[in-house]
Amino acid sequence: MAEQTTTGAGGAAATGYDPQKIEAKWQKRWAEARVFETEADPSKPKYYVLEMLPYPSGTMHMGHMRNYAIGDVVARVKRMRGFNVLHPMGWDAFGLPAENAAIKNKTHPRIWTNNNIAQFQGVLRRFGFTYDWRREISTCEPEYYRWNQWFFLRMLEKGLAYRKKSRVNWCPKCCTVLANEQVINGGFCWRHEDTRVESGEIEQWFLKTTAYSDQLLDDLKRLEGGWPERVILMQQNWIGKSQGAKVKFAVGGAAGAGPIEIFTTRIDTIYGATALILAPAHTLVSKLLEGSPARAEAEPKLAKMRQTSVKTEDLATMEKEGFFTGRYAINPFSDEKIPIWVGNFVLMEYGTGAIMAVPAHDARDLEFCRKYKLPVRVVIQPLEGEELIAEKMTEPFDEHTQGKLVNSGPFNGLSPVEAIAKMAAYAEQKGFGKAETIYRLRDWGISRQRYWGTPIPVVYCSKDGMVPVRDEDLPVLLPPNPKLTGEGESPLASTPEFVNTTCPKCGGPARRETDTMDTFVDSSWYFYRYCDPHNDKAPFDSAKVAYWFPIDQYIGGITHAILHLLYARFWCKVMRDLALVKHDEPIARLFTQGMVQKGGVAMSKSRGNVVGAEEMAQKYGADTGRLYTLFAAPPEKDLEWSEESIEGSWRFLNRVYRLVERHATAVRSVKDGKADAAAASLKEKTLLRKVHQTLRRVTSDFETRWHFNSAIALIMELTNDIYSQEPLEQGVRQEVQKEVLELLTLMLAPMTPHLAEELWEMMGHTEGLWKTGWPAFNQELAREDEVEIPVQVNGRVRGKVKVPAGSAEPEVVRVALALPAIAQHVNGKRVVKQIYVPDKMLNLVVA
RNA sequence: GCCCGGGUGGCGGAAUGGCAGACGCUGAGGACUUAAAAUCCUCCGGGGAUUUUUCCUCAUGUGGGUUCGACUCCCACCCCGGGCACCA
C-alpha cells in the first residue's frame, strides 16, 4: 500500500473496513462502560498480568507495542475466561535522559518527562489496550517516591541500608560518579570524550542485597517452570555462590604481617600448593615488602600494577605478571615453607584477595608457575589412564569428581570429594581455617549524584551525625528550581534551600543528603502500588496486595533478566520481613519477549531505525498493527520489521470484514444462537467441524503454548476456507452461518478487539462483545469421522488411505494393501513388521 | 574459556518422534478495468522421469548414532546470537 488513498482511512475503502472510525468508536464505548476498571473481589478468581513499565522517552515504537500487544492478548483471553483481571500501566519517569534533555533545552526535567508521558499514553490509548487507567502511576510524583523514601527508612532501621566508601568511576569535569555504562572508549567520560575517568573512592549508600544471597538463590527453584530457564541461570550466575574453605597461612620473617587468609574451593589440593599469591591491592603487601630483600626490585613492579586500571573485558586475555615478595608462608597442613608472590590476576574483590597456587590442578596457577619457574607437584592422581608426572604437565588435572589424593600426608587415598569435607573439618578443629561459602553478589549501590531521582531521606548534623528524616516529614521533595548545568557538583548540593535544614533530633542546623536514589529502586516495587495506587497512609494496603499477588504473568525484555528482576525479588523479601506481604516471590510467571528489529538491530531512537506506533496506527489502524506484531514471529523470538509483510495482515482483516459484511443481513435474522448439529447437512457438518477444530487449536495456542502466530495462521486458514470457495452461500442454513462467523469473530477478539466488536455488532448483537466469554469448542464436532492415513513402506510414504476414524489395524492394513502404489512396493516381499498409530499413520516394513 | 539459546525455500516462519515447508510476504502468470489501485484465480525448494495426470529422488548447518520412522532424541563438530568471565 503505497498510496494514501488505498488505506482504510482513505477514500477507496470508505464503505468497507475503516479502522480509524471503528477503533475510535469502540474505545469510546469501552471507556464509557468502564470495561477495564477492576476492583479486588475475593469471590472471583484473579489474574494479574503486567508488562514492564516503560521509560517514556523518544517515540513509542513497534518494539514497545509488541510487548503490550502480547500482554493485552493474555489479559483479554483471561477476561473472556472469567477471571478478574488486573492489567495496569505506569511510567518509569525518573532518570538521566530527562535531566540531560532538560540541560540541553534549558527546561525542567518534569516538563520533558510529562510531555513524553502524555505522548506515550496517547499512543497506548490509540491501540486499545485493556489498562485500568485509574491505576496509572508515575514514579517521579511525590505521591510515589515518598514511599521509596519510606522503604529506605525501614531498611535503615533494619541495617539493610548503610553507607560506605567505595570505588567508583569519577569524571573530574562532571564532578560526579558515572555508571559503568557511561564510561566509554576504554575509560573516558561519555559527556567529555577527552576526559579520562578516574577511579575514586567516595561515600555511597548501599542496600544490603547480600543479606538475602541464599534466599535469592534458593528461591529460584520455586520459579522453575514459571520463569525461562536462562533467566534463572543468569541470576544463579550473578549471585555466584561458591562453596569452599578459608585457610590461614602463617608468615615468616616480616614483622607485623599476620597470617594470610586464602579462599579455595579445592582445599583437597592444598599439599600441592607451591606458592601463595596476593592481589596487588592486598593490604599486607606493603608490610611484607618492608625490610624484605626483594623490596628494591618489587616496589616499582607493584606501583606499576596498582596504576594500571584494567578494563574488565581485557582481564581474561591479559598476560599474567607477578613478583616475589621475598617472604615465605607456612602451609598449615604440611608445615612446608612456600614463597609469597603478588600476581596481577588475583582479584581483591573476590574471596580474600589471596590464593594458594596449586599448579598441577589449576590452569591459571600452572600458567603462572611455569612462567616464573615455580615447582609443580601432583597431589591428585586420576584413577584411570596415565599417571601424571609434574614435570611433563602442560595441562592441569582439575577434575574433582575423580582421582585420589597422593603426596598428601594422612589424607592419601581419599577421593577429592571426601578430602574436601575432611580437610575443612581438620582445619577448623586445628583453628587455622574452616569451610566457607562466598558469593559474587555485591550490595546494591544506590547513590547517584543527580537531580532527577528520589532524594535520600537523611540529614547530617554536626552534633548528631547522620539522622534519618522522620516519617511524618516525608516526602523529602525535590527542589522545584534546581540549577542544572551538567557540571560542577551535584545539582541538589548546589541548591542551598534544599541542603540547609534542621536536625530532626536536636533542631540545630543540618545538611541534607544530596544524593538521589538509583531509578531501579522505583521499579523494584511499582507493581505493588498498582494494587492500591492512591493510598496516602502506606505504600499499599496489604489486603489488596494479598488478593492480587503474586503477579500471574510478567512480560518484558530479556535485558532486565538480572538487575530489575533481582532487585524486585530482593524488595519483595524485605517487604515480607517487614510483614507487609506474605509471599516470598513477587512474580509467578515471567515471559521474555523478543525485540523488534529493523536492519538486524533492535529499534531505538539513537540508531534511527524506529517505526513509530502512532504512524502505524494512522496508516493501518491499531488492529492491523497488533495483529502483525503477533503474527510475524513467535513472541519469544526477535522480529525483523517488514513494511511489506504488514500488508498481509491488513489484507486479512479486510477479508474478514467483507466476509462478515456479506452475511450480516442473513445472520442478523437468526434469533437463537447455536446451530443444531444433528440436523446438519454434510456441507454444514464440514463447516462446523472446521470451525470447532480451529477453535480447539486456537484455544490451546492462546492458553498453554502462547503460539499466537500459529493461532493466527489457523484463523487465516479458516477464513480462506469459508471465503474463497463461498461454501457459506449455498445450502447452508443461516444459523450455521451465524455460528461459524461468530466463532471466527470471538477467536479474533483478543488480538483485534475493535474489529471484533464491530463485526459482533454487525451480526446483530446489541450488547458489546466484551460481555461475551471465550467460546467452548464442541468435542463432538471437532472430531473427524474419516481420517486420511499416510501409508509408509520401510519408512517412506507411498500412498494414503481414507478410513473411518478409529478403524482397527487389520482393516487399515487391508485397505492399504489394496492400493496399487502400496502393493507395488510390497509385492514379492514379506511384511516383517507393521506399525500402526491409530488415525495417524501406518508403516509396513518389508524384507 | 565456561554457561544458555538458535541454524528449515528468495524472506518471516509452521510441523510437541509420524505426509517437511502450514500461514503470510515477495515473485511470475491470468481474470476484472480505458488504465492503475483494490479484488479474485493459478503457480512458486533442487534434480530427474512422464509432453498432460502423476511418479521417483535429494533436501531442515556438517558428520555419525538411536528408531519401523528423526527438523524433533543422543554424540561430535561448524556457524550465529546472548550471558558470565583470570571467581581461586
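We use all heavy atoms of the structure for the numbers below, so side chains are in, but hydrogens, waters and symmetry mates are not.
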Checklist entry - Which value, in whole Å, describes the distance between the C1' atoms of nucleotides B:C19 and B:A35? => result 46 Å

Next on the checklist: Over 60° means perpendicular and under 30° means parallel, so tell me whether A:F368 and A:W341 are parallel, tilted or perpendicular.
Outcome noted: perpendicular

Checklist entry - Side-chain N or O of A:K637 less than 4.0 angstrom from OP1 or OP2 on B:G13? => result yes

Next on the checklist: Checking side-chain polar atoms at under 3.5 Å, does A:Q834 have a donor or acceptor matched by the opposite partner on A:E809?
Outcome noted: yes

Item to check | Atom pair distance, as rounded to whole Å: CD1 in A:I562 and P in B:C4 | outcome: 15 Å

Checklist entry - Counting heavy atoms not belonging to A:R697, are there more than 12 under 6.0 Å from its CZ? => result no

Item to check | Earlier contact from the 5' end, RNA chain B, for A:N237 and A:I712 | outcome: A:I712

Item to check | Nearest-0.5 Å distance, CG of residue A:L366 to NZ of residue A:K371 | outcome: 14.0 Å

Item to check | Which nucleotide in B:C68, B:C23, B:C25 has an atom nearest any side-chain atom of A:I835 | outcome: B:C68

Checklist entry - C1' atom, B:C68 versus B:U54: distance in rounded Å? => result 27 Å

Checklist entry - What integer distance in Å separates A:N654:CG from B:U39:P? => result 7 Å

Item to check | Euclidean distance for P, B:G47 against B:A59 (whole angstrom) | outcome: 15 Å

Checklist outcome for this item: One should read off an interatomic distance between A:C369 SG and A:K320 NZ, to the nearest 0.5 angstrom, of 11.0 Å

Checklist entry - When rounded to the nearest Å, what value does the distance between P atoms of B:G17 and B:C74 take? => result 12 Å

Checklist entry - Do any side-chain nitrogens or oxygens of A:H707 fall under 4.0 Å of OP1 or OP2 in B:A15? => result yes

Checklist entry - How long is the line joining CD1 of A:I239 and P of B:A85, in whole Å? => result 14 Å

Checklist entry - Between B:U26 and A:R651, is there an OP1 or OP2 to side-chain N/O distance shorter than 4.0 Å? => result yes

Checklist entry - Do any side-chain nitrogens or oxygens of A:R798 fall under 4.0 Å of OP1 or OP2 in B:C55? => result no

Next on the checklist: Nearest to the A:E717 side chain among B:A88, B:G18, B:A22, which nucleotide is it?
Outcome noted: B:A22

Next on the checklist: Taking the P atom in each of B:G13 and B:A22, what is the distance between them to the nearest angstrom?
Outcome noted: 15 Å

Checklist entry - Between B:A22, B:A14, B:C68, which one does the side chain of A:P634 approach most closely? => result B:A14

Checklist outcome for this item: When A:V837 and A:L714 are each assigned the nearest nucleotide of RNA chain B, the 5'-most assignment goes to A:V837

Checklist entry - What does A:E644 touch in the nucleic acid at a heavy-atom separation under 4.0 angstrom: a base, only the sugar-phosphate, or nothing? => result sugar-phosphate

Next on the checklist: Strictly below 4.0 Å: does A:R658 bring a side-chain N or O up to OP1 or OP2 of B:C40?
Outcome noted: yes

Checklist entry - Which part of the nucleic acid does A:S642 contact within heavy-atom distance under 4.0 Å: base, sugar-phosphate only, or nothing? => result nothing

Item to check | Phosphate-side-chain proximity, A:T265 and B:C87, N/O vs OP1/OP2 below 4.0 Å | outcome: no

Checklist entry - Would you find more than 12 non-hydrogen atoms of other residues, nucleotides or ligands less than 6.0 Å from A:H564 atom NE2? => result yes

Checklist entry - Counting only side-chain N and O atoms of A:R364, is one of them less than 4.0 Å from OP1 or OP2 of B:G1? => result no

Checklist entry - Any side-chain N or O of A:N720 under 4.0 Å from OP1/OP2 of B:G24? => result yes

Checklist entry - Can a side chain N or O of A:N843 be found less than 4.0 Å away from OP1 or OP2 on B:G18? => result no

Checklist entry - A:R697 has an atom CZ; how far is it from atom C1' of B:A22, in whole Å? => result 9 Å

Item to check | Nearest-nucleotide pick for A:S710, side chain only, options being B:G5, B:C23, B:A15 | outcome: B:A15

Next on the checklist: So A:R440, base contact, sugar-phosphate only, or nothing? Heavy-atom distance under 4.0 Å.
Outcome noted: base

Next on the checklist: I'd like to know if A:E647 reaches the base of B:G24 with its side chain, counting only an N/O donor and acceptor under 3.5 Å.
Outcome noted: no

Checklist entry - Roughly how many Å is it from NZ in A:K320 to C1' in B:C87, rounded to a whole number? => result 13 Å

Checklist outcome for this item: With syn defined as a glycosidic angle within 90 degrees of 0 and anti as anything else, the base of B:G29 is anti

Checklist entry - Which whole number of Å gives the distance between the P atom of B:U60 and that of B:G9? => result 10 Å

Checklist entry - Under 3.5 Å, side chain of A:S408 to main-chain N/O of A:L405, donor-acceptor pair present? => result no

Checklist entry - Between A:W641 and A:Y628, how do the two ring planes meet: parallel, tilted or perpendicular, split at 30° and 60°? => result perpendicular

Next on the checklist: From C-beta outward on A:M716, which listed nucleotide comes closest to its side chain: B:G24, B:G83, B:A15?
Outcome noted: B:G24

Item to check | A:E224 CD to B:C4 P, straight-line distance once rounded to whole Å | outcome: 14 Å

Checklist entry - In whole Å, what separates the P atom of B:C11 from that of B:U26? => result 15 Å

Next on the checklist: Using whole Å, what does the distance between atom P of nucleotide B:C86 and atom CG of A:L366 come to?
Outcome noted: 19 Å

Checklist entry - Counting only side-chain N and O atoms of A:Y723, is one of them less than 4.0 Å from OP1 or OP2 of B:C40? => result yes

Next on the checklist: Tell me whether the side-chain N/O atoms of A:R796 come closer than 4.0 Å to OP1 or OP2 in B:C58.
Outcome noted: yes

Next on the checklist: Under 4.0 Å, heavy atoms only, any strand: does A:V346 hit a base, just the sugar-phosphate, or nothing?
Outcome noted: base

Item to check | Between B:G10 and B:G18 - P atom distance, rounded Å | outcome: 26 Å

Item to check | A:Y350 OH - B:C86 P separation (whole Å) | outcome: 11 Å

Checklist entry - Which part of the nucleic acid, if any, lies within reach of A:D638 when heavy atoms closer than 4.0 Å are counted: base, sugar-phosphate only, or nothing? => result sugar-phosphate

Checklist entry - Would A:N720 and A:R655 count as a side chain to side chain donor-acceptor pair (under 3.5 Å) if you check the C-alpha gap in whole Å, the side-chain angles of each, and the deciding distance to 0.1 Å? => result CA-CA 9 Å; A:N720 288 346; A:R655 269 159 92 82; 2.7 Å; yes

